[in-house]
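One structure is given below, encoded as structure tokens.
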There are 2 protein chains.
Amino acid sequence: MKNKLKVLRAERDWTQAQLAEALDVSRQTINAIEKGKFDPSLPLAFKAARLFKLAIEDIFQDEV
Amino acid sequence: MKNKLKVLRAERDWTQAQLAEALDVSRQTINAIEKGKFDPSLPLAFKAARLFKLAIEDIFQDEV
DNA sequence: CAAAAATGTAAAGTATACATTACTTTTTGT
DNA sequence: ACAAAAAGTAATGTATACTTTACATTTTTG
């Protein structure tokens, strides 16, 4: 599962810590998801989609 | 998290077992998700979206 | 360049997604 | 009504999402 969190953060000039707080998860969770260590849960994916006002599919991509 | 799996199955006249096989999970997993016992993982949500040719948000809804 | 901020990473623990087995209840078809 | 199929449910086990603490490395800024 790939994702655009790093780019979306960069566009807004947000740190991992700021995004983590906005999504109510730990900074390590954001870091791990950005680095592809694991996939977010569906509820967390929904939270991110709401935050960025994007579709889940626009943020997270099933890599084939 | 609400979902339309039961309706989508009904439209296609599929059993829980058939949907489970198509998504490569157990029948109990489908049953539990339909009954709201737990949310699917993001990868499973993507699989369902591909199968039904719908957006994840069209199948699963964050209840407020 | 030095300090500070941001990012990366690791270990250990908790919560939840999912499997398997097995059984009960409900629905469907003849 | 009866049998068969489908759906519901429960217990136990495993995998993974996520937390917390802690520290190392990289990047940014004065």
Side-chain angles (χ1 to χ4, degrees):
Chain A
M1 189 83 56
K2 292 178 56 180
N3 69 77
K4 295 184 175 158
L5 293 183
K6 189 171 180 177
V7 172
L8 291 168
R9 274 196 307 109
E11 288 173 353
R12 290 158 182 78
D13 205 28
W14 289 352
T15 66
Q16 290 183 346
Q18 286 173 323
L19 177 57
E21 190 179 359
L23 294 177
D24 200 36
V25 292
S26 71
R27 180 182 66 82
Q28 285 76 355
T29 290
I30 297 301
N31 188 275
I33 292 171
E34 282 192 7
K35 303 294 288 183
K37 300 244 172 104
F38 53 70
D39 299 322
S41 66
L42 185 57
L44 181 52
F46 265 99
K47 269 192 173 186
R50 271 205 309 273
L51 178 64
F52 292 118
K53 299 188 197 305
L54 289 174
I56 288 178
E57 288 88 345
D58 292 333
I59 304 177
F60 303 97
Q61 296 89 34
D62 226 5
E63 33 201 339
V64 189
Chain B
M1 188 82 57
K2 291 178 58 180
N3 68 77
K4 295 184 176 158
L5 293 183
K6 189 171 179 177
V7 172
L8 292 167
R9 276 198 305 110
E11 287 172 355
R12 290 158 181 78
D13 205 28
W14 288 353
T15 66
Q16 290 183 345
Q18 287 174 322
L19 176 56
E21 191 179 2
L23 295 177
D24 200 37
V25 292
S26 71
R27 181 181 66 81
Q28 285 76 356
T29 290
I30 297 302
N31 188 274
I33 292 171
E34 283 193 7
K35 302 295 287 184
K37 300 246 172 102
F38 54 71
D39 300 321
S41 66
L42 186 56
L44 181 52
F46 265 98
K47 269 193 172 185
R50 272 204 309 272
L51 178 64
F52 292 118
K53 300 188 197 306
L54 289 173
I56 288 177
E57 288 89 343
D58 291 333
I59 303 177
F60 303 96
Q61 296 90 32
D62 226 6
E63 31 201 342
V64 187

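Chain A is the first sequence line, chain B the second, and so forth, proteins listed ahead of strands; every chain is numbered from 1. Values below: every heavy atom of this structure, side chains too, minus hydrogens, waters and symmetry copies.
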query: Under the salt bridge (charged side-chain N to carboxylate O under 4.0 Å, His left out) criterion, do A:Lys2 and A:Asp62 qualify, and how do the steps go?
result: CA-CA 6 Å; A:Lys2 292 178 56 180; A:Asp62 226 5; over 6 Å; no
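The interatomic distance linking B:Ile30 (CD1) with D:dA6 (P) rounds to 15 Å, in whole Å. Whole-Å rounding puts the A:Leu23 CG to D:dC18 C1' distance at 13 Å. When rounded to the nearest whole Å, the span between CZ of B:Phe46 and P of C:dA17 equals 17 Å. Note: CG (A:Leu19) to P (C:dG8) measures 13 Å, nearest angstrom. Atom pair A:Leu42:CG and D:dC18:P shows a separation of 10 Å (rounding to whole Å applied). Summarising the geometry, the separation between CZ on A:Phe60 and P on D:dA17 is reported as 12 Å, rounded to the nearest angstrom.
With hydrophobic clusters built from ILVMFWY side chains whose heavy atoms lie under 4.5 angstrom apart, B:Leu54 shares a cluster with B:Ile56. Side-chain heavy atoms closer than 4.5 Å link hydrophobic residues (I, L, V, M, F, W, Y) into clusters, and following such links, possibly through other members, connects B:Leu51 to B:Met1.
The CD atom of A:Glu11 lies 9.5 Å from the NZ atom of A:Lys4; values are rounded to the nearest 0.5 Å. The distance from atom NZ of A:Lys53 to atom CZ of A:Arg50, rounded to the nearest 0.5 Å, is 10.5 Å.
The phosphate of D:dA5 (OP1 or OP2) has no side-chain N or O of B:Thr15 nearer than 4.0 angstrom. Contact annotation: B:Thr29 does not reach the phosphate of C:dC18 (side-chain N/O to OP1 or OP2, under 4.0 Å). Considering only side-chain N and O atoms, B:Ser41 lies nowhere under 4.0 angstrom from the phosphate OP1 or OP2 of D:dT16.
Along DNA chain D, the nucleotide nearest to B:Gln16 and the one nearest to A:Leu44 differ in position, and the one closer to the 5' end is contacted by B:Gln16.
Of the possible polar contacts, none joining the A:Asn3 side chain to the A:Gln61 backbone as a donor-acceptor pair under 3.5 Å is found.
Listed by residue number, the members of residues 31-38 of chain A with any heavy atom below 4.0 angstrom from DNA chain C are A:Asn31, A:Lys35, A:Lys37. Taken residue by residue, residues 6-14 of chain A places heavy atoms nearer than 4.0 Å to DNA chain C at A:Arg9.
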- request: Determine, for nucleotides 22-30 of chain C in 5'-to-3' order, which nucleotides have protein heavy atoms under 4.0 Å from the base (write B), from only the sugar-phosphate (write S), or from neither (write -).
  value: B--------
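Pairing each heavy atom of A:Phe46 with each of B:Phe60, the nearest pair is CZ-O, 3.1 Å.
A:Leu5 is listed as a side-chain neighbour of A:Phe52, based on a closest heavy-atom distance under 4.5 Å.
Direction of the helix axis in the helix from C:dC1-D:dG30 to C:dT30-D:dA1 shifts by 60° between the two five-pair termini, rounded to 10°.
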Under 3.5 Å, sequence neighbours excluded: what are the donor-acceptor pairs made by side chains of residues 35-44 of chain A?
| unit_1 | atom_1 | unit_2 | atom_2 | d |
| --- | --- | --- | --- | --- |
| A:Ser41 | OG | A:Leu44 | N | 3.2 |

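Pairs engaging residues 16-27 of chain B under the side chain to side chain donor-acceptor pair (under 3.5 Å) rule: B:Gln16-B:Asn31, B:Gln16-B:Glu34, B:Ser26-B:Thr29 [sequence neighbours left out].
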